[in-house]
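Bear in mind that the values here come from a model prediction, so they are computed numbers and not experimental data. Hydrogens, waters and symmetry mates are skipped; everything else that's a heavy atom, side chains included, is used. Here is how names work: the chains are called A, B, and so on, in the same order as the sequence lines, proteins then strands, and each is numbered from 1.
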Number of protein chains: 2
Amino acid sequence: MEKNASKKLDKSTEEKIKSAARLLFQQKGFAGTKTRDIAEAAGINLALLNYYFRSKEKLFELIMKESLGGFFSVLKNIFNDPNSTFEEKIEQLADTYISNLLLNPDIPTFILSEVRNNPETLLAVMNSKTFMIESVFLAQLQEKIKQGECQPIHPMHFLMNLLGMTVFPFVSKPMLLHLGIKSESDFTALLEERKKLIPIWIKAMLKT
Amino acid sequence: MEKNASKKLDKSTEEKIKSAARLLFQQKGFAGTKTRDIAEAAGINLALLNYYFRSKEKLFELIMKESLGGFFSVLKNIFNDPNSTFEEKIEQLADTYISNLLLNPDIPTFILSEVRNNPETLLAVMNSKTFMIESVFLAQLQEKIKQGECQPIHPMHFLMNLLGMTVFPFVSKPMLLHLGIKSESDFTALLEERKKLIPIWIKAMLKT
DNA sequence: GTCTATATACGGATAGAC
DNA sequence: GTCTATCCGTATATAGAC
């Protein structure tokens, strides 16, 4: 009762710091973010950041692991769902990721550019390096190829295309907004269209 | 004669600093790079960096403008070549960019993540925000659609797909190397294959 | 042009009062 | 738990000798 009572109204201090940190780290990366800015954005004092999280590094690792975990747990679940067909997985992937990323458009650049600096973090989050390769999804692809239902294609090419079509628009968003897409709402509208279009394009690609 | 004589053997000090700065900025971004590291990598003293380039910021802007300029001048030339067909442009784009990026794989992440921080830099490099939209390339696409030679598609979807297929593998390279691609040479081999495959996939997509 | 030494500022972290 | 004040290392930049 004591302090959980207010939890739904005011976020706890710890949560306020995490939210501010998440936003800033995702936008500016580790080196580009100052603990003072996090404190200010969270509306608290700098000393509290160290009180709750010990150091900037520890706070960053926490945020990074949560971001990576969120990103990959969704991927894992879809890739290994034994009850959905190959085509359904493609549709789910495009739909789920585009929806998620429209809410958090900075995540892909954050993850990709910070994994480059600390590849070890990846391993900490994913128990297996081979979960993609050994997934139900790619097995289904191999099976279709064997049955002659689609053209032979290296699984990695397939992944690069599928993830490229889905994720690349978010990575290149700042550039696209200066290169043909006029507004945020235009961007959102295009991405909403892609939920339906990507599965169609991928199928066409495989039929070649 | 005096100092140009040695220019082909030893790079000038100015050039040594620029090379070191280019490498480090592209790998670690502006905030993640220390001027001391640049000086050390260049094999010169820290004071010389400021002697030649005034400040870290000025040096960074120089490198960034060169990188952006290189990236887009190639794009511009291919997009607006009046003598090549639509199909030839796709082939040229995949071929040229993959070749270039295999030599400088860090450039896309560098450009994309730093354009997010300073979108103005883009404007400084490209006199026109609309050169892509108004390019010969996209006019050729529109014409093909009008002639019924391919399915209607929003030019921006087309660009996201083409650039996504070409550039995304480089952006996600550090992740792919931990997620199915076993070595640098495997990565190179896959990308070499993509030079031929991307045009085929794109054509299939448009025929749907 | 190139170096050593140093000024100055800034960012991460802690001490200690409340 | 939260604040103010402060310490201390480090990063950019410059002064000045050679």
Seminar exercise, completed: Those residues at least two apart in sequence (or on a different chain) that pass salt bridge (charged side-chain N to carboxylate O under 4.0 Å, His left out) with A/D106 are B/R116

Problem set entry | Close approaches to DNA chain D from residues 54-65 of chain B, in residue order (heavy atom, under 4.0 Å) | B/R54, B/S55, B/K56

Exercise. Which heavy atom of B/I181 sits nearest a heavy atom of A/M160, and at what distance?
Worked result: CD1-CE, 4.0 Å

So, [X] and [Y], do they make that salt bridge, N to O below 4.0 Å?
X	Y	answer
B/K56	B/E61	no
A/R22	A/E66	yes
A/K203	A/E91	yes
A/E193	A/K196	no

For this session: Output the residues of residues 21-35 of chain A in contact with DNA chain C, where contact means a heavy atom of the residue under 4.0 Å from an atom of the strand; sort by number or write none.
Result: A/T33, A/K34, A/T35

For this session: Return the residues of residues 41-52 of chain A meeting this criterion: a heavy atom under 4.0 Å from some atom of DNA chain C. Order them by number, or give none.
Result: A/L46, A/A47, A/N50

Problem set entry | Bracket notation of DNA chain D in which parentheses pair within the strand, [ ] cross earlier pairs, and | pairs with another strand (Watson-Crick or G-U, under 3.5 Å) | ||||||||||||||||||

Exercise. Atom CG of B/D37 to atom P of D/dT10: distance rounded to whole Å?
Worked result: 13 Å

For this session: Round to a whole Å and report the spacing from CZ of A/F53 to P of D/dT2.
Result: 11 Å

Distance-only donor-acceptor check, side chains [X] and [Y], under 3.5 Å:
X	Y	value
B/Q92	B/T96	no
B/T33	B/K28	no
A/K65	A/T121	no

Exercise. Does the gap between the ring centers of B/F25 and B/F110 come in under 6.0 Å?
Worked result: no

Exercise. Can the ring centres of B/F86 and B/F79 be said to be less than 6.0 Å apart?
Worked result: no

Problem set entry | The single option from A/L48, A/I63, A/T35, A/L62 passing side chain to side chain contact (heavy atoms under 4.5 Å, CB included) against A/F53 | A/L62

Which pairs would a plain distance check flag for residues 168-177 of chain B, meaning a side-chain donor or acceptor within less than 3.5 Å of a matching protein atom at least two apart in sequence or in another chain?
from: B/S172; atom 1: OG; to: B/F168; atom 2: O; distance (Å): 2.9
from: B/K173; atom 1: NZ; to: B/E184; atom 2: OE1; distance (Å): 3.0
from: B/K173; atom 1: NZ; to: B/E184; atom 2: OE2; distance (Å): 3.4

